[in-house]
Amino acid sequence: MASFVEDLWLSVFTPGPTPTLLIATNVTFAALQLLFLVLLLATYSIHFVVLSFLSGGLWYSINWFAHEVSAVQRAQEAEKKAQAETETTGSERKKVSLDSADSETETESFSGQKATAVATGSAVPARLQPTEEDPKKRISAGGDSSGYGSTDSEWEKVEEN
């Protein structure tokens, strides 16, 4: 019994459904169903029938979920074993291109632009280089940031008064 309690305590900190945790869950739900049956016979209240159905549904869903999680874990372990076997036989890994059309992340698109800029001999990526219009003119980012645009001529008007 002490071993079971110790295994139950350790299974709480183990990811996934462990056999000890499932046994404890099933015993607890069985005891709860028995308690609802005894209370139903003692009081003849419909509430215990409803609670029993709710508890049974929860019991079933917990067992179903635990079964699905363990199936996914087994599939992941099989995939890891297959991957380890292919790596040990000396087969090459698939190389993922940073310029692939399937990927739309920022870092990959920037590194792709950087690679083209380095290939052309430019230190600055093409999209960051100034345009031919007027390289000294700055592009407005949507107006004044403070909401109030003052000029030197307005200060001159204030000083005259």
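Every heavy atom of this structure was used, including side-chain atoms; hydrogens, water molecules and symmetry mates were not.
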Donor-acceptor contacts, no H, no angles, side chain residues 2-14, under 3.5 Å, sequence neighbours left out:
from	atom 1	to	atom 2	distance (Å)
Ser11	OG	Asp7	O	3.4
Ser11	OG	Leu8	O	2.7
Thr14	OG1	Leu10	O	2.9

Atom pair OG1/NZ of Thr86 and Lys81 - distance to nearest 0.5 Å: 14.5 Å
N/O donor to acceptor pairs below 3.5 angstrom from side-chain atoms of residues 62-78, sequence neighbours left out:
from	atom 1	to	atom 2	distance (Å)
Asn63	ND2	Asn26	OD1	2.9
Asn63	ND2	Trp59	O	3.4
Ser70	OG	Ala66	O	3.2
Ser70	OG	His67	O	2.8

For residues 34-56, run the donor-acceptor check on the side chains, cut-off 3.5 Å, and write out each pair with its distance to 0.1 Å, sequence neighbours left out.
from	atom 1	to	atom 2	distance (Å)
Thr43	OG1	Leu39	O	2.7
Thr43	OG1	Ser45	N	3.4
Ser45	OG	His47	N	3.3
Ser45	OG	His47	ND1	2.9
Ser52	OG	Gln33	OE1	2.6
Ser55	OG	Gln33	NE2	3.2

